[in-house]
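Everything quoted here is computed from the prediction, not taken from an experiment.
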Amino acid sequence: MAHPQPPESDPQSPSAPTAPAKSPRVGLFVTCLVDMFRPSIGFATLKLLEDAGCTVVVPAAQTCCGQPAFNSGDNKDTRAVAAQVVEAFEGLDYVVAPSGSCAGMIREHYPELFADDPAMAQRAQHVAKRTYELTSFLVDVLGVTKVDAAMAGTVTYHDSCSGLRELEVKVQPRRLLAGVSGLSLTELPGAEVCCGFGGTFCVKYPEISDKMVTNKAEEIVATGADTLLAGDLGCLLNMAGKLKRLGAETKVRHVAEVLAGMTDTPAIGDPAASLPNKER
């Protein structure tokens, strides 16, 4: 995997990314959903970052990024969570998450949370400027153009809302998937349309959410693709559940698993995927 070093930034600018060492120290923000439901995504992310020449650190003090509280209007608890994340990651060159929504939360919303606290706002801005979604970091920062992975079959891709609209993640995963040996990408007609998950949206408006994911699932099946890919586990869990309920045979995976060549585990939503290793 090619991994040219990013250009050095102005050391006098507090908001500019820290000039990385020869092997940039990257903090892996695992995310709650990955930790609880699909740890293989975290290991795939680790592999991709290390293959790209990074030294990866996984701070033990990391917790949720704060989205559930933030989306519910609970700024007090969101600030407490955000402060802990900032403290855990602020000494690293970069923060990378296999999730556009979590990376978007840190990058776009952390600084505004501390608008009335200049010192904390500066620390939050320092971390925010160094935070990236995984495929964006690989392509836009490290200049990765090729991955060492193979997967026979056809995939289609869903563009998760936060990654697309907050972080402009669109071409990066497709560019990397183009280098996966044996893989063919069939574009999803409504790739940029929300799947209906939306974090707390699916809880507040279940009927609307169900209609949205039903439409999405039908479009996915119509592509004829063997596998659905995306960059956010929340969206993937939502779509995988609906596809199963419709009786579709489409497999569902996080894009990191495919790019890392780690597709020997059960797909998301497959019965064996939820069993402990000893029972598989």
Query raised in the report: Going by the side-chain hydrogen bond (donor to acceptor under 3.5 Å, both in side chains) test, which pairs reach into residues 62-79, not counting sequence neighbours?
Result: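 Every side-chain hydrogen bond (donor to acceptor under 3.5 Å, both in side chains) pair that includes a residue of residues 62-79, provided the two are not neighbours, is Gln67-Ser101, Arg79-Asp116.
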Could you tell me the separation between the [atom1] atom of [X] and the [atom2] atom of [Y], rounded to the nearest 0.5 Å?
{"X": "Met151", "Y": "Met262", "atom1": "CE", "atom2": "CE", "answer": "14.0 Å"}
{"X": "Glu50", "Y": "Thr45", "atom1": "CD", "atom2": "OG1", "answer": "11.0 Å"}
{"X": "Leu142", "Y": "Cys54", "atom1": "CG", "atom2": "SG", "answer": "4.5 Å"}
{"X": "Asp93", "Y": "Ser23", "atom1": "CG", "atom2": "OG", "answer": "9.0 Å"}
{"X": "Ser160", "Y": "Glu166", "atom1": "OG", "atom2": "CD", "answer": "12.0 Å"}
{"X": "Leu259", "Y": "Leu134", "atom1": "CG", "atom2": "CG", "answer": "7.5 Å"}

Test item: [X] side-chain N/O and [Y] main-chain N/O as donor-acceptor pair under 3.5 Å:
{"X": "Lys146", "Y": "Gly179", "answer": "yes"}
{"X": "Lys211", "Y": "Gly196", "answer": "no"}
{"X": "His158", "Y": "Ala230", "answer": "no"}
{"X": "Lys216", "Y": "Met239", "answer": "no"}
{"X": "Thr227", "Y": "Val155", "answer": "no"}
{"X": "Asp117", "Y": "Met120", "answer": "yes"}

[Y] side chain reached by [X] side chain, heavy atoms, under 4.5 Å:
{"X": "Leu229", "Y": "His254", "answer": "no"}
{"X": "Tyr110", "Y": "Val85", "answer": "yes"}
{"X": "Asp270", "Y": "Lys251", "answer": "yes"}
{"X": "Asp232", "Y": "Cys235", "answer": "yes"}
{"X": "Val95", "Y": "Arg107", "answer": "no"}
{"X": "Tyr132", "Y": "Asp140", "answer": "no"}
{"X": "Asp148", "Y": "Asp51", "answer": "no"}

Looking only at non-hydrogen atoms, find the nearest pair between [X] and [Y] and report the distance.
{"X": "Val221", "Y": "Ala248", "result": "CG2-CB, 3.7 Å"}
{"X": "Thr250", "Y": "Leu228", "result": "CG2-N, 3.8 Å"}
{"X": "Pro59", "Y": "Ala88", "result": "CG-O, 3.7 Å"}
{"X": "Ile106", "Y": "Pro111", "result": "O-CD, 3.9 Å"}
{"X": "Tyr157", "Y": "Leu177", "result": "CD1-CD1, 3.9 Å"}
{"X": "Phe37", "Y": "Pro39", "result": "C-CD, 3.7 Å"}

**Report entry** Glu112 CD: over 12 foreign heavy atoms closer than 6.0 Å
**Finding:**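 Counting other residues, nucleotides and ligands, CD of Glu112 exceeds 12 neighbours.
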Answer with yes or no whether the hydrophobic clustering places [X] together with [Y]; edges join I, L, V, M, F, W, Y residues whose side-chain heavy atoms lie under 4.5 Å apart.
{"X": "Leu237", "Y": "Val255", "result": "yes"}
{"X": "Phe43", "Y": "Met36", "result": "no"}
{"X": "Leu138", "Y": "Leu164", "result": "no"}
{"X": "Leu233", "Y": "Phe197", "result": "no"}
{"X": "Val58", "Y": "Leu49", "result": "yes"}

Query raised in the report: Would you call Arg130 and Glu90 a salt bridge, using N to O less than 4.0 angstrom?
Result: no
Query raised in the report: Given the rule in the side-chain contact (heavy atoms from CB on, under 4.5 Å) test, do Leu48 and Val144 qualify, once you have shown the distances and angles that lead to the verdict?
Result: CA-CA 10 Å; Leu48 288 166; Val144 173; over 6 Å; no
Report task. Tell me, with the steps shown, if Val213 and Asp210 meet side-chain contact (heavy atoms from CB on, under 4.5 Å). Result -> CA-CA 5 Å; Val213 74; Asp210 182 65; 4.3 Å; yes
Query - Tyr94 six-ring face occupied by Arg25 cation (under 6.0 Å, within 45°) - result: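 No.
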Only distances under 3.5 Å count here; give the side-chain donor-acceptor pairs of residues 26-35 to other protein atoms, sequence neighbours excluded, each with its distance to 0.1 Å.
{"residue": "Thr31", "atom": "OG1", "partner": "Val34", "partner atom": "N", "Å": "3.2"}

**Report entry** Selection residues 170-188 - residue pairs positive for salt bridge (Lys or Arg N to Asp or Glu O under 4.0 Å), sequence neighbours left out
**Finding:** Asp159-Lys170, Asp159-Arg174, Lys170-Glu192, Arg174-Glu187
Report task. Carefully, step by step, assess Leu92 and Val57 under the rule side-chain contact (heavy atoms from CB on, under 4.5 Å). Result -> CA-CA 8 Å; Leu92 298 163; Val57 178; 3.9 Å; yes
Query - Members sharing Leu167's hydrophobic cluster (side chains within less than 4.5 Å) - result: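 Listed partners: Val169.
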Query - side-chain contact (heavy atoms from CB on, under 4.5 Å) evaluation trace for Leu113 with Phe70 - result: CA-CA 9 Å; Leu113 282 169; Phe70 183 72; 4.0 Å; yes
Query - side-chain contact (heavy atoms from CB on, under 4.5 Å) involving Thr186 - partner list, sequence neighbours excluded - result: Thr154, Thr223
Report summary line: Contacts of Met212 meeting side-chain contact (heavy atoms from CB on, under 4.5 Å) (sequence neighbours excluded), chain-then-number -> Cys194, Phe201, Ile208
Query raised in the report: Between Thr135 and Glu133, do the side chains contain an N or O donor and an N or O acceptor separated by less than 3.5 Å?
Result: yes
